Structures are given as C-alpha cells and as structure tokens.
Student: 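What follows is a single structure, and I will ask about it in a moment.
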Protein chains: 2
Amino acid sequence: MTDPSIDYSLLDSLVGYRLRKAQLAYFEDFTATCAEEGITPGLFGILAVVQRNPGLTQTAVSQAMGTDRSAMVAAVDKLEKRQLMERRPSDNDRRSYALFLTPEGEQFTQRLHERVQEHESHFDRVMKPGEKEWLLDLLDRVIRA
Amino acid sequence: MTDPSIDYSLLDSLVGYRLRKAQLAYFEDFTATCAEEGITPGLFGILAVVQRNPGLTQTAVSQAMGTDRSAMVAAVDKLEKRQLMERRPSDNDRRSYALFLTPEGEQFTQRLHERVQEHESHFDRVMKPGEKEWLLDLLDRVIRA
DNA sequence: TATTGTTATACTCTATAACTATA
DNA sequence: TATAGTTATAGAGTATAACAATA
C-alpha cells in the first residue's frame, strides 16, 4: 500500500494522519463489499440509520449523517428506486416524509452488514485478545472529545 | 457532533465506521489549523513527504500519496506559487522534475507540523498514560494488514 | 515501446442559495 | 416567520484518456 523506501515519519507522527491511513485500509474492504451489492458506504450508512430508527424525516437523517439535507434527495431517490427504502407521508406534518426500509431493504441491510463484518474480521488477526474492545472504546472517547 | 437520541448501533458495530468518525473528529481540527495557514491537509501531506524525501519526482510523490500523477500538477503549481516548493530539472532524466522545499517551505512545514501536534494534544486528555503509543502501534498493524 | 509531465474531461461528494408548500 | 423537501449550481477531490517530449 505504501512505498517502504519513502520516509513518512513527519505524517506518521500525527495521530490524525495514521488514523486516516488505517481508516482508508478498512474502507477499501468496506467499499469493495458494498460495490459488490451495487451500493456505496454512504448509502449503507443511511440504510443503517433508518433500519434502527424507522420513521425519521430526511432532514433528521441528514443531520445524523452529518451532511446537508439537499444531499439526501438523490440518495433516497436511489434507495427508493432499488426498492430498499420508501418515503411515507408524515401523519402530522404534510411538508415532510417519514423514511422506512422495505422488507427487501431490511433483508439487504442485514445481509450486507454481516458481509462487512466478515470482511472486517480480516483485521482481527493483527489484534491481540481484548484489543478490539479497547480500540472501540478509545475511538469512542476520541469521538466525544 | 452526533444526535444522542438516534441509534447508531448498526454502524458502530463496524470498526471501519467508528474509525471513520474518529478520523473525522481529528481531521476537523487538522483542516482548521491548515486553513489558518492557507493550505489543505492534502497539500500539507505533499510538503511533509518532500521535506523528508527531497528530490523525489512528481510521479513518486503521487504514488506516495496514493493519488494519480495528474493530480500533482495543480498541487505543485500552488505550492510553487506560494514559494514553498520548487521544481528543479532532473540531472539524469529530462522528462522529470525533482521536488525540493524552499527555505521558506522548510520553515512553513515545520511550524505547521508543530501547530497540528499542539492541536492534536487536545485528544491526549481522553487517553490514559501509554494508550497513545499503543494506539499508534495498533493502527500501524492495521495499515500493514 | 514505455514513462514523465501535462491537459482536457468527467464523476462523486458536498455545500450554498433560492424556490414551493406547508407550519 | 420558520421549516421540509427540492432544484440548480458550484467547488473540491480524484480518476481516465490522450498528447508531446524523452527514455
């Protein structure tokens, strides 16, 4: 992945940059697995949030994903076209839609989630027992810092 | 940063996604610090590689950064225009340039590096003694996996 | 023939601003 | 007035293909 004859020491001294490299290594696998199912990591993120939080509005999901609500339109269009998600008119507010997974979307999301986890287990080999839980906990503290 | 009333558990069960969130948290700081100096993380990466590996060709740097060589043209143009880097004709191959930092570029890179490290130390507060070294080592193993 | 730097081009992701229909 | 979804648009970032000069 990286040229061993090149000195990266200045970048590697920054936690942020090494974190980025590790994330890219993970996402290479993740993106490939998603691509085999004809989807992107971004769309999977939306599926995953709606799966656990059915009925959210588009704006609520965009806030959860950290993107602008304008970006949700094309994303939900794609997921609807693939019949994985559907917009239902909101009961109490005729401006907004409530988002739900279709039965097919539920199945799709669950299967892809399992496949991604299988691919991720490749990285378990470089971790000692207990290290993964430690990593997840530390990353969580970093995120909330 | 994230809505506490929303269930992210499906995404959080994936190391790759939590790694991405943590990386974004780090990079928010990193990008802001770079922006104050009128630069981007991408351009800083190029400066950092050339600083430690003076004389590399554009193609070699693009490979080190994991981008296409065509993307280097505009990047080096910007750095040359700011007089932080210079293209020198290669001795043995008249097709290529050798890249070097100017004295100003050396100073700039060193100062920005120090500033980024200072900002990163904000995250040290969430780590117990020794945890940072362990994290850097684990990330390194992940990158090489 | 292959490679370096370059240009033109396109595609994705994301953000902003303005519009409409509701609230 | 403010907000939800939408549209148009623009800016990064990155990739591909083709070209001239050189190897």
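In the text below, chain A, chain B and the rest are named by the order of the sequence lines, each starting its count at 1. This is a predicted model, so every value here is computed, not measured.
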Student: Using salt bridge (charged side-chain N to carboxylate O under 4.0 Å, His left out), reason through D12(B) and K21(B) one step at a time and then give a plain yes or no.
Tutor: CA-CA 10 Å; D12(B) 283 347; K21(B) 274 194 191 172; 3.6 Å; yes
Student: Would the distance check show the side chain of T40(A) and the main-chain N or O of L43(A) forming a donor-acceptor pair, the cut-off being under 3.5 Å?
Tutor: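 Yes: the side chain of T40(A) pairs with the backbone of L43(A).
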Student: Taking salt bridge (charged side-chain N to carboxylate O under 4.0 Å, His left out) as the test, write out the residues that go with E104(B), two or more places apart.
Tutor: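 For E104(B) there are no salt bridge (charged side-chain N to carboxylate O under 4.0 Å, His left out) partners, ignoring immediate neighbours.
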Student: To the nearest angstrom, how far is E80(A) atom CD from dG5(D) atom C1'?
Tutor: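 The answer, rounded to whole Å, is 13 Å.
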Student: Does R52(B) make a cation-pi contact with Y8(A) (under 6.0 Å, within 45 degrees of the axis)?
Tutor: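 Judged by the rule, R52(B) and Y8(A) form no cation-pi pair.
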Student: Would you tabulate the pairs of protein nitrogen or oxygen atoms and nucleotide nitrogen or oxygen atoms of nucleotides 21-23 of chain C closer than 3.5 angstrom?
Tutor:
| residue | atom | partner | partner atom | Å |
| --- | --- | --- | --- | --- |
| dA23(C) | OP1 | R94(A) | N | 2.9 |

Student: Yes or no on ring pair (Phe, Tyr, Trp, His ring centres under 6.0 Å) for Y26(B) and Y17(A), after CA distance, side-chain angles and deciding distance?
Tutor: CA-CA 9 Å; Y26(B) 256 96; Y17(A) 235 92; over 10 Å; no
Student: Starting at CE of M65(B) and ending at P of dA15(D), how long is that distance when rounded to a whole Å?
Tutor: 12 Å
Student: Would you indicate, yes or no, if dT6(C) has its OP1 or OP2 atom less than 4.0 angstrom from a side-chain nitrogen or oxygen of R87(B)?
Tutor: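 For R87(B), the contact criterion (side-chain N or O under 4.0 Å from OP1 or OP2 of dT6(C)) is met.
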Student: So which protein nitrogen or oxygen atoms get under 3.5 Å of nucleotides 10-20 of chain C's nitrogens or oxygens?
Tutor:
| residue | atom | partner | partner atom | Å |
| --- | --- | --- | --- | --- |
| dA15(C) | OP2 | D68(A) | N | 3.2 |
| dT16(C) | O4 | S70(A) | OG | 2.8 |

Student: Given atom CD of Q63(B) and atom P of dT3(C), what is their separation to the nearest angstrom?
Tutor: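 Atom-to-atom, Q63(B) to dT3(C), this comes out as 11 Å.
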Student: Give the rounded distance in Å between these two atoms: CZ of F27(A) and C1' of dG13(D).
Tutor: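 Checked: the CZ to C1' distance equals 17 Å.
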Student: Could you tell me if the side chain of E36(B) sits less than 4.5 Å from the side chain of R115(B), heavy atoms only?
Tutor: yes
Student: Go through R82(B) and D77(B) one step at a time and tell me if the salt bridge (charged side-chain N to carboxylate O under 4.0 Å, His left out) criterion holds.
Tutor: CA-CA 9 Å; R82(B) 291 202 47 186; D77(B) 282 353; over 6 Å; no
Student: Take the protein atom CE of M72(B) and the nucleotide atom C1' of dA15(D), then report the distance between them rounded to whole Å.
Tutor: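 After rounding, the reported distance stands at 15 Å.
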Student: Determine whether a donor-acceptor pair (N or O, by modelled atom type, separation under 3.5 Å) exists between the side chain of R88(B) and the backbone of A98(B).
Tutor: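 Not at all, since once roles are kept as given, no pair shorter than 3.5 Å links the two residues.
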Student: Rounded to the Å, how far apart are L43(B) CG and dA12(D) P?
Tutor: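 Whole-Å distance recorded here is 11 Å.
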